[in-house]
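Ligands are counted one by one from 1 in listed order, and the atoms in each one are counted from 1 as well. When a residue number appears, it is its place in the shown sequence, counting from 1.
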Amino acid sequence: MRHYTEITCKHCQSNDIVKNGHRPNGDQRWRCKSCKKSFQVTYRSNAYQPGVEDKIDEMTLNSSGVRDIARVLKISKYKVMSHLKKTSAK
Ligand SMILES: [Zn+2]
């Protein structure tokens, strides 16, 4: 029995995906043929898990500091800073 999982591009939600080699740690990389960007389906780093950026926003609204957030979410304070800088420009 063959089993398929549908993979969509995390940048443009297209289905036109091709394999694009592996990361040095062995994870599969994928490339989108529509937007030409590459991505992974699973990330080992906590900073790249889906929903982390929403949690950063939420904790910031509840007046947690940068180092609080980094400690609780087990990500680096640089990830928190770069996300806050990106969103504060809006
Ligand atoms: Zn895409």
Side-chain angles (χ1 to χ4, degrees):
M1 191 182 110
R2 301 187 81 177
H3 180 249
Y4 297 94
T5 17
E6 191 169 298
I7 296 167
T8 50
C9 171
K10 69 176 229 161
H11 305 287
C12 68
Q13 274 70 49
S14 160
N15 285 330
D16 208 1
I17 305 294
V18 285
K19 284 188 178 177
N20 192 26
H22 294 86
R23 296 269 301 126
N25 64 17
D27 289 347
Q28 179 72 57
R29 287 191 62 78
W30 301 87
R31 189 169 64 92
C32 172
K33 284 170 107 179
S34 332
C35 69
K36 309 268 191 294
K37 287 179 182 168
S38 71
F39 60 95
Q40 287 165 241
V41 174
T42 52
Y43 288 91
R44 298 194 185 193
S45 158
N46 286 332
Y48 287 89
Q49 300 303 330
V52 160
E53 299 192 335
D54 297 335
K55 279 186 197 155
I56 296 175
D57 290 338
E58 241 172 70
M59 290 185 71
T60 305
L61 289 175
N62 287 299
S63 66
S64 292
V66 170
R67 285 179 297 163
D68 292 342
I69 299 172
R71 219 177 300 126
V72 170
L73 299 180
K74 296 187 172 65
I75 59 181
S76 88
K77 61 184 187 231
Y78 304 106
K79 165 73 185 179
V80 181
M81 279 310 297
S82 81
H83 174 70
L84 292 178
K85 280 184 184 172
K86 264 186 251 165
T87 47
S88 65
K90 280 177 196 165

Would you say Gln28's side chain and Gln40's backbone share a donor-acceptor pair under 3.5 angstrom? no
Can you list, by chain and residue number, the protein N, O or S atoms under 2.8 Å from the Zn ion (ligand 1)? Cys9 SG, Cys12 SG, Cys32 SG, Cys35 SG
Given side chains that start at C-beta, do those of Ser34 and Cys9 come closer than 4.5 Å, heavy atoms only? no
Please check if the number of heavy atoms outside Tyr43 that lie under 6.0 Å from its OH is greater than 12. yes
Considering only distance and modelled atom types, tabulate donor-acceptor pairs under 3.5 Å from the side chains of residues 61-75, sequence neighbours left out.
residue	atom	partner	partner atom	Å
Asn62	ND2	Glu58	O	3.1
Asp68	OD2	Gly65	N	3.1

For the residue pair His11 and Phe39, categorise the inter-ring angle as parallel (less than 30°), tilted (30 to 60°) or perpendicular (more than 60°). perpendicular
Could you state the interatomic distance from OG (Ser45) to CG (Asn25), rounded to the nearest 0.5 Å? 10.5 Å
